[in-house]
Amino acid sequence: MSTEYRYDPAEIEPRWQQVWADEGTWEVANDSSDPRRTSYVLEMLPYPSGEPHIGHLKVYSVGDAVAHFHRRTGRRVLHPMGYDAFGLPAENHAITTGVHPRDSTNASIASFQRQFRAWGISIDWTREFGTHEPRIYRWTQWIFLELFKRGLAYQKQAAVNWDPVEETVLANEQVKDGRGERSGALVEVRQLTQWFFRITDYADRLLEDLATIRWPEHVKTMQRNWIGRSEGAEVVFSCEEVGIDYPVFTTRPDTLFGATFFVMAPEHPDVLRLTAGTSQEQAVQDYVNSALTSDKQLRGDVDKVKTGVALGRTVTNPVNGEQLPMYVADYVLMEYGTGAIMAVPGHDERDFAFAQAYDLPVRRVIEGGDGELPYAGDGPLVNSAPEFDGLHNREALRAIVDWLDRGGKGHASVNYRLRDWLISRQRYWGTPIPIIHCARCGAVPVPEADLPVLLPDVEDYKPRGRSPLAASEDWVNVACPSCGGPALRETDTMDTFVDSSWYFLRYCDANNDEAAWDPAAVAQWMPVDQYIGGVEHAILHLLYARFFTKALSDLGHLPPEIQEPFAALFTQGMILRDGDKMSKSKGNVVAPTALVERFGADTARCYILFIGPPDQDADWSDTGAEGMHRFLGRLWRLCAEAADELPDDPIPDLDSANPDDERVLRKAHWAIEKVTKDMSERFNFNTAIAAVMELVNETTTAKRGDAAPGSVRFALSTAASLLSPFGPHVAADAYQLLTGKHVWEQPWPSADPALLEADTFELVCQVNGKVRDRVPAPTGASRETLLELARASSKLRAHLDGHQEVKAIVVPDKLVNIVVR
RNA sequence: GCGGAUGUGGUGAAAUUGGUAUACACGCAGCGUUCAGGUCGCUGUGGGGGCAACCCCGUGGAGGUUCGAGUCCUCUCAUCCGCACCA
């Protein structure tokens, strides 16, 4: 092969990037008169820290392939980009270096921008923003105030998770195994007044609407588990000695007659009150103190021996009037249900373990379990009340709840694991909460005209148990907007997940100075047709964004039919190196800049998509990337050569085609069909790229034989066209060389059904399910014909002779299986 | 403990509806091009047996359903990921 055709991505890629920048190819207007269907393709916005890593290259390679495919299949595509620019790493960096977080963040954003352009990602840059820009966080503040006015944002004192390293509170969702998600430090419980969003109001809708969205099942399951809906009953147990009613939540009201004691959480506010002045006071006090100061993770250990202390009081079981002794025990959690439980040791393992440890009675009220207790399964009721004994427990459950309801002793109830979203952060680099605290008027919203509340510049970013903003006295001290009296600004900033809960709405109308968005613009694009990102956001971001969408829709800021932000979700797997996560400490990082420099962006993008199904983790291999580089080089070279050396003849039609033409043309149409299916029905870019490789392999100078120039040019330009969503530069270049046209302006190729169906196929001939021969057979032949063909095979006869034929299975256009004895 | 995912050549993987197991690559081997290396091109490449035609075995393991199972069912092992004293 001539060496004058050298594939040079360093020359090709910048040249096409310039074309796209000059003509604003990927910009899209909010033009509702455009008749084309719209498609909103979005990857999760990056957190700009340092340089983009290989995970970014993967997510944008996937998203860009989808965006390109949607465009070329006739859709008007919104594919924007922005930056989740507030957050702790920039602030921690500021603490050690003194560089303002704004400066380090902007420097990182500039690096991301450069990379995204160098990767050739098809972004509408006119809609770009960072969440740290006042023109954007102004609207984050506006949304906060809208939620505040409707009671969906509120302040309360609560036991919150305090991260002693980050020196800020964290949302429940940011605590994993009792440790701060980011710092890894054991979180402490603190009683603090904090701002919350009332996400629990939306628990049911967040649960129900999962049925309306095309998300991976495991992500839906994770959200369901997180919301943790339990159906049961609330039942009131009364402590007559002190005259206080204690409601408890139970999922098993059918076991009420089996309750033999009653347990409260150490945090329960009444525990100390109930024992004050009694002989148990000291013991209870000691127990509560040790429970509250013990390691949260140790306390949560399922295998931990059950401990507790008697309160010396009793409550009345409302179903039978029995007096149940009260205990305090740390296996009961204040944050779930009412912080108190009825204990049924006969039918609950934990209650059983406690009863064993403290020698409490165990009563069976449900038959089953081979006579062993505890028994958590179903069965008929016993030892309960005459009207319930003998009933199956599932029916008894309903009957008992009805009976409690009629008697005013309880009612059906639903409990959630989900807690309200704590959004206060005692840190600097975030959106200031637009509230002014006035001694006379309370928490007063900053008037809309005064937005944004700008983040003041401070000298010292270090958190000292309060927000760094508190030190900025000129900023903090203001007049109350309501009464004009002296007042103080709220100094906490918002969790950065607030910013990412609405950014996708802003892209629809990114340059609107009058409003966060025009609902008409949002109606045109939302919901996001395809959202793409890491599974690590399965709960946090994806739950919060769903909550925001529903709340904003309820408030009238979104069209009522928009209830979900992301109609379809794709979660991509990680890129590993030698089976390990890439990390600086392991020294196994593959930097996208180095890849692009060495191979070009197309090779890096195509290889990342070729390495395996994109939802799975994949191991990076340098030699694999080299292989992709070879393939792109071969494709480009064949195209350049054909463009120069082969006349631009028309494609031969099937009648005039020689066998080589037919083979090449069929392969091209097969590849069209294969890539189209892989792109539209699933995200199997790896097999799509493999199909393009097969097509190119069939069209090499050595393989194409006597195929006419028209066939070769068609096959090669088709290969370039099919590859363009993955390797847009090399595809654009090769396609232009062959056709003189811009590939992105061409409609996606469609396969000719006549060329997909061959008139002969390879008939698989089996005896007893084992393949013994393959013979050519005419497509559409009758069962009889196929059977005859198979029987005629000499290889088959060797296995048939001397045996008795029992049965023959014929699968038309596929195989024959003869069963012999 | 509960829930979910995965398991196929030396490696990444393919097999879309129960119908040819290993497509496409990487690696390796051989050949050609080249002074050489690299590049590029071609050929071969699951394991075992056989000169060969061919035969046997083979999708983590064990059973089962079926003419036919990587695919369906039962049990089981391993790895990974969620959640977890949630009443």
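Each chain gets a letter, A, B and so on, in the order its sequence line appears, and its residues count up from 1. Keep in mind the model is a prediction, meaning the values are calculated, not measured.
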Using a cut-off of 4.0 Å on non-hydrogen atoms, how would the nucleic acid contact of [X] be classed: base, sugar-phosphate, or nothing?
| X | answer |
| --- | --- |
| Lys674(A) | base |
| Val332(A) | base |
| Val819(A) | sugar-phosphate |
| Glu217(A) | nothing |
| Asp619(A) | nothing |
| Ile809(A) | base |

Would you call [X] and [Y] a side-chain contact if the rule is heavy atoms closer than 4.5 Å?
| X | Y | result |
| --- | --- | --- |
| Asp348(A) | Arg252(A) | no |
| Thr255(A) | Met342(A) | yes |
| Phe237(A) | Asp245(A) | no |
| Tyr7(A) | Arg630(A) | no |

Below 3.5 Å between N/O atoms, which protein atoms pair up with nucleotides 54-56 of chain B? Just atom names and distances, please.
{"residue": "C54(B)", "atom": "OP1", "partner": "Lys795(A)", "partner atom": "NZ", "Å": "3.3"}
{"residue": "C55(B)", "atom": "OP1", "partner": "Arg772(A)", "partner atom": "NH1", "Å": "3.3"}
{"residue": "C55(B)", "atom": "OP1", "partner": "His799(A)", "partner atom": "NE2", "Å": "2.9"}
{"residue": "C56(B)", "atom": "OP2", "partner": "Arg772(A)", "partner atom": "NH1", "Å": "3.2"}

Seminar exercise, completed: Under a 4.0 Å heavy-atom criterion, the protein footprint on nucleotides 24-34 of chain B, written with B, S and -, is BSSS-------

Could you tell me how far [M] sits from [N] if I compare only their [atom1] atoms? Round to whole Å.
| N | M | atom1 | result |
| --- | --- | --- | --- |
| U20(B) | A52(B) | P | 28 Å |
| U45(B) | G38(B) | P | 24 Å |
| U6(B) | U71(B) | C1' | 15 Å |
| G46(B) | A23(B) | C1' | 15 Å |
| C51(B) | U43(B) | C1' | 22 Å |

Exercise. Between Phe261(A) and Tyr327(A), how do the two ring planes meet: parallel, tilted or perpendicular, split at 30° and 60°?
Worked result: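 If you compare the ring of Phe261(A) with that of Tyr327(A), the planes turn out perpendicular.
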
Closest to side chain of [X], choosing from [options]:
| X | options | result |
| --- | --- | --- |
| Met222(A) | G82(B), A13(B), C85(B) | G82(B) |
| Arg774(A) | C85(B), U20(B), A87(B) | U20(B) |
| Thr221(A) | A87(B), A15(B), G3(B) | G3(B) |
| Arg637(A) | G68(B), C40(B), U16(B) | C40(B) |
| Lys703(A) | C85(B), U43(B), A87(B) | U43(B) |
| Glu681(A) | C85(B), A87(B), U16(B) | U16(B) |
| Thr687(A) | G19(B), A23(B), A87(B) | A23(B) |

For [N], take OP1 and OP2 only and decide whether either is under 4.0 Å from a side-chain N or O of [X].
| X | N | answer |
| --- | --- | --- |
| Ser230(A) | A87(B) | yes |
| Lys677(A) | U16(B) | no |
| Arg417(A) | C2(B) | no |
| Asn686(A) | A14(B) | yes |

Problem set entry | Over 12 non-hydrogen atoms of neighbours within 6.0 angstrom of CD in Glu757(A) |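 At most 12 heavy atoms, drawn from other residues, nucleotides or ligands, come within 6.0 Å of this atom.
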
For this session: In plain terms, say whether Arg229(A) and Asp204(A) are close enough for a salt bridge, that is, a side-chain N and a carboxylate O under 4.0 Å apart.
Result: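 Looking at Asp204(A) together with Arg229(A), the answer is yes, because their closest N to O distance falls below 4.0 Å.
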
For this session: Establish whether the base of C67(B) is bridged to the side chain of Asn817(A) by a donor-acceptor pair shorter than 3.5 Å.
Result: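 Such a pair is found, so the answer is yes.
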
Problem set entry | Modelled atom types, side-chain donor and acceptor of Tyr287(A) and Thr307(A), under 3.5 Å |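 There is such a pair (donor and acceptor under 3.5 Å, judged by atom type) between the side chains of Tyr287(A) and Thr307(A).
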
Exercise. Do Asp678(A) and Asn684(A) have a side chain donor and acceptor closer than 3.5 Å?
Worked result: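 No, because no side-chain N or O of Asp678(A) sits under 3.5 Å from a partner of the opposite role on Asn684(A).
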
Problem set entry | Dot-bracket encoding of pairs in RNA chain B, which uses [ ] for pseudoknotted crossings and | for another strand, Watson-Crick or G-U under 3.5 angstrom | (((((((..(((......[....)))((((((.......))))))((((....))))..(((((..]....))))))))))))....

